[in-house]
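These figures come from a predicted structure and were not determined experimentally. In what follows, every chain begins at residue 1, and chains take the letters A, B, ... in the order their sequences are listed. Values below: all heavy atoms of this structure, side chains included; hydrogens, waters and symmetry mates excluded.
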Number of protein chains: 2
Amino acid sequence: MLAGAELADEIGFAAVTVSELARRAGVKVPSLYSHVRNSQDLRTGVALLALEDLADRGSAALAGRAGKDALAALANVYRDYAREHPGRYAAAQMPLDTETALGSAGPRHSQMTRAILRGYDLAEPDQTHAVRLLGSVFHGYVSLELTGGFSHSAPDSAESWVRILDALDAMLRAWPPTPER
Amino acid sequence: MLAGAELADEIGFAAVTVSELARRAGVKVPSLYSHVRNSQDLRTGVALLALEDLADRGSAALAGRAGKDALAALANVYRDYAREHPGRYAAAQMPLDTETALGSAGPRHSQMTRAILRGYDLAEPDQTHAVRLLGSVFHGYVSLELTGGFSHSAPDSAESWVRILDALDAMLRAWPPTPER
DNA sequence: GCACGCAACCTAAAGGTGTTAGGCGAATGT
DNA sequence: ACATTCGCCTAACACCTTTAGGTTGCGTGC
């Protein structure tokens, strides 16, 4: 799987194929079918690896931090990982079937986001709403940045990132009460 | 291209292929190569169509609205479109090369988001930061929801959505000043 | 009316990827 | 010594992509 992950970073997750992997490894294609069930399995393996990897970095970054400090730390783990390992990051976004997703490191990610919210005063169900919002921003921003959405215009994407984290921090501290509807 | 878009909604954007399209149309595969340059071109065509379609709906929804009303209207256009036309929505997320992207309806989307911010008091460069944040949330939330991220747990995803829009509205009204750094 | 050109379709063929089946040889455990 | 297992192989099939080149039919302009 590791070889697949490196391949993904090099040529893009979409181009990760059994054939290409065999070519790099200097073996014939069918030889890999002893190690990988099928093409889908290869991609899923890379995705699971990336999710684990990312979760490990997240919990390391979160250790000993709270509040905005924790928010920025986790957010930067995602952004930095995507820039360092674009193929792996793309893999981590791959839709997994329910069973695989539950067995993956995916749940650790939402737990980490929830952990950040301990530094803010949010009761359920607002805490879950906030988890979903933060997840959306992390995923959305990083993926837009990666596919070049913000690349060719001022201000710099890095500047937007820190200001967005400022704004999210302020928002979480002043989370609006449920209005009458 | 329209046939390709319908195909995408039916079987998923990733499965949109010249062969499958030919099969549905009842013609032989090479016949389609008079209408489509290649497979990539087919997918790009669907993406451009979806971007246009989405931009049209967005500007219709925005007409005559301002402030939070406008925010919710545009946000719901994205979410509803993704639920109604998942294949087209996925197509709209396809990375395009710079030239194609500039010629697409993509820029209209950022213009629409920027238009929403006229209802809030934001000067540059904060306005751009906010555009990027809103884009990230719209894209991130809808894509996570679509791939089943929030599907199997309370509270309901629709509830989170309205609360997130509440929070974004509050955040834009109280956008934090640039701190000393 | 008729020849021309073009549009839309076809067959043939070649190259790439995914996958299964079955075989061969070397290392390993008994 | 022998059987098992592991890692690799060849052969073969199915499917998708793409190019080349031929057919048909219809509308236009002469």
Next on the checklist: Distance check needed: D:dT19 P versus B:Y33 OH, whole Å only.
Outcome noted: 7 Å

Next on the checklist: Quick check on C:dT17: is either OP1 or OP2 less than 4.0 Å from any side-chain nitrogen or oxygen of A:R23?
Outcome noted: yes

Checklist entry - Just checking A:S39: base, sugar-phosphate only, or nothing, at a heavy-atom cut-off of under 4.0 Å? => result sugar-phosphate

Checklist outcome for this item: Tightest non-hydrogen contact, residues A:A22 and A:L32, listed as N-CD1, 3.5 Å

Next on the checklist: Rounding to an integer number of Å, can you tell me how far A:Q40 CD sits from C:dG18 P?
Outcome noted: 11 Å

Checklist outcome for this item: From CG of A:L32 across to P of D:dC8 the rounded distance in Å is 8 Å

Item to check | Rounded interatomic separation in angstrom, taking CG from A:L42 and P from C:dT17 | outcome: 14 Å

Checklist entry - Can a salt bridge be assigned to the pair A:R173 and A:D121 using a cut-off of 4.0 Å between side-chain N and carboxylate O? => result no

Checklist outcome for this item: In whole angstroms, the gap separating C1' of D:dC16 from CG of B:N38 amounts to 13 Å

Checklist entry - Atom CG of A:L21 and atom P of D:dC8: how far apart are they, to the nearest Å? => result 11 Å

Checklist outcome for this item: Considering only heavy side-chain atoms of A:P30, the closest of D:dT18, D:dT17, D:dC9 is D:dC9

Checklist entry - Out of D:dC8, D:dT17, C:dC9, which nucleotide sits closest to the side chain of B:H35? => result C:dC9

Next on the checklist: Base, sugar-phosphate or nothing for A:S31? Non-hydrogen atoms, less than 4.0 Å.
Outcome noted: base

Checklist entry - Do A:R24 and A:E6 sit within salt-bridge range, that is, some charged N less than 4.0 Å from a carboxylate O? => result no

Item to check | Side-chain heavy-atom pair B:Y89, B:L54 within 4.5 angstrom cut-off | outcome: yes

Checklist entry - Would B:E52 and B:R108 pass as an ion pair if we require N to O under 4.0 Å? => result yes

Checklist entry - Can you tell me how far C1' of D:dC16 sits from CD1 of B:I11, to the nearest Å? => result 13 Å

Next on the checklist: D:dT18, OP1 or OP2 - any side-chain N/O from B:R37 closer than 4.0 Å?
Outcome noted: no

Checklist entry - From the list C:dC10, C:dT17, C:dT19, which nucleotide is the closest neighbour of the side chain of B:K28? => result C:dC10

Checklist entry - Closer than 4.0 Å, any side-chain N/O of A:S34 to the OP1 or OP2 of D:dC8? => result no

Next on the checklist: I need the CG-C1' distance between A:D41 and C:dT19, as an integer number of Å.
Outcome noted: 13 Å

